[in-house]
Amino acid sequence: MNIFLHILLTNVLPMGIMIALGIIIQRAFKLDIKTLSKLNFYLFSPAIMFELLYKTSISVSVFGKILLFFVLFMIMQYMLVEIVIRMRGYGPSMKSAMRNSVLFYNSANYGIPLNQLAFAGNEKTLAVQVIIMMTQSLVPNTYGIYSVNAHKADMKAIMRTILSMPVIYVIPLAFLLRGYNITIPQPIATPIEYLSTAFIGTALITLGVQLGNMEWKIKRSLLVDVSLSGMLRLVAGPLLAWLIVWLMGLDKLTAAALIVSSAVPTSLSSVLLAVEFDNEAEFASQSVFVSTIISIVTVTAVIFFLRLNV
């Protein structure tokens, strides 16, 4: 129990405090969540992704293994959520909302701080989390936009929206510059560093602002669906990750980093997409809220068991 409390206090609670500050600020001043979202989408998130991909040493073999893990993990998650969708008999909009609430997890503004705290800033585990963040950032900005619009928009409009996302261009640019050992000029490197440094605090505050903007109760009509979403994301997620890393025979540190990365709550991206494209915004918001609150316990438990067995 002492170890469990230590993990809770040192690894998870600091993030909870940052999120709570966002909630307090939102309740006091009513900030514009769309403005904060745009800052994260178009400035802070691309900056930290570029910074980490450009500076973090990632071998080709490790990169390949993590990508294989991610593909297998997403396929298995998709299969599980499809079973739930068929059992519940959802309509088109709810199908995409449920998929997004499970498949899109908070690998950036929750995953990066969690990785840094859980593994004491270990460069190897950070590299693992960077790759997961990169792939997870691409999914909402491509498949996610398509999924919430497929039943009500033409493909040209969907593609225009997808192509407007900066993360699509930041990732290949970072790899290109790193691959050719191109030094970034200082007048450009310094602003990127400033934006990157601002990411974690701003992202956690933004998550808190979004939670502070929500109604803190679950409608009875959504109780079952929100609960299913939370179970699939917070319980089934790390269990599937454990199964995959075991089958792949990954080393203990990489395996632990991947399991922790899979245990985080539903991404704010699912809410942003739902709000932006008017697609089950209430369900999306409540799924993020519930999974974020419950993750305080479930993420602590995942780290606790990993410390004992990995």
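For reference, positions follow the sequence shown, starting with 1.
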Q: How long is the span from the CG atom in Leu173 to the OH atom in Tyr54, to the nearest 0.5 Å?
A: 10.0 Å
Q: Minimum heavy-atom separation for Met15 and Pro113, please, with both atom names.
A: SD-CB, 3.7 Å
Q: If you measure from CG on Leu126 to CD1 on Ile112, what distance do you get to the nearest 0.5 Å?
A: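 That separation rounds to 5.5 Å.
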Q: On a heavy-atom basis, which atom in Thr298 and which in Ser295 lie closest, and how many Å separate them?
A: OG1-CA, 3.1 Å
Q: Please work out which of the three classes, parallel, tilted or perpendicular, describes the rings of Phe73 and Tyr105, given edges at 30° and 60°.
A: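 It falls in the perpendicular class, over 60°.
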Q: Given Val84, which partner from the list Asp225, Leu228, Val102 fulfils the side-chain contact (heavy atoms from CB on, under 4.5 Å) test?
A: Leu228
Q: Find the distance between CG (Leu72) and CG (Leu67) and round it off to the nearest 0.5 Å.
A: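 Nearest 0.5 Å value for the CG-CG distance: 11.0 Å.
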Q: Taking all atoms of both residues into account, what is the closest heavy-atom pair of Val299 and Tyr110, and its distance?
A: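 What the structure gives for the nearest pair is CG2-OH, 4.0 Å.
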Q: Locate the shortest heavy-atom distance separating Ser107 from Gln136; write the atom from each residue and the value.
A: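 In terms of heavy atoms, the two residues are closest at OG-CB, 3.2 Å.
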Q: How many angstroms lie between atom CD1 of Ile184 and atom CZ of Arg178, to the nearest 0.5 angstrom?
A: 11.0 Å
Q: Taking NZ, NE, NH1 and NH2 as the nitrogens, is one of them in Glu82 or Lys95 under 4.0 Å from a carboxylate oxygen of the other?
A: no
Q: So, for Asn100 and Thr266, which heavy atoms are closest and what is the spacing to 0.1 Å?
A: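 Reported closest heavy-atom pair: O-CG2, 4.5 Å.
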Q: Under a plain distance cut-off of 3.5 Å, with no hydrogens placed, do Thr206 and Asn40 share a side-chain donor-acceptor pair?
A: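 Yes.
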Q: Quickly, which of Ser287, Ser291, Ser229 forms a side chain to side chain donor-acceptor pair (under 3.5 Å) with Ser101? Name it, please.
A: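 With Ser101 as partner, side chain to side chain donor-acceptor pair (under 3.5 Å) holds for just one option, Ser229.
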Q: Looking at Met74, I'd like to know if its CE atom is crowded, meaning that more than 12 non-hydrogen atoms belonging to other residues, nucleotides or ligands lie closer than 6.0 Å.
A: yes
Q: Run the salt-bridge test on Lys124 and Asp251 with the 4.0 Å N-O cut-off and return the result as yes or no.
A: yes
Q: Work out which heavy atom in Leu234 is nearest to a heavy atom in Pro265; give both atom names and the distance.
A: CD2-CA, 3.8 Å
Q: Quick one: are Ser262 and Leu258 in side-chain contact, heavy atoms under 4.5 Å?
A: no
Q: Treating Ile, Leu, Val, Met, Phe, Trp and Tyr as nodes and any side-chain heavy-atom pair under 4.5 angstrom as an edge, say whether Tyr78 and Phe69 lie in one connected cluster.
A: yes
Q: Is the distance between the ring centroids of Phe175 and Phe50 under 6.0 Å?
A: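 No, the ring of Phe175 stays outside the 6.0 Å limit from the ring of Phe50, centre to centre.
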Q: Distance from Met79 atom CE to Leu240 atom CG, nearest 0.5 Å?
A: 10.0 Å
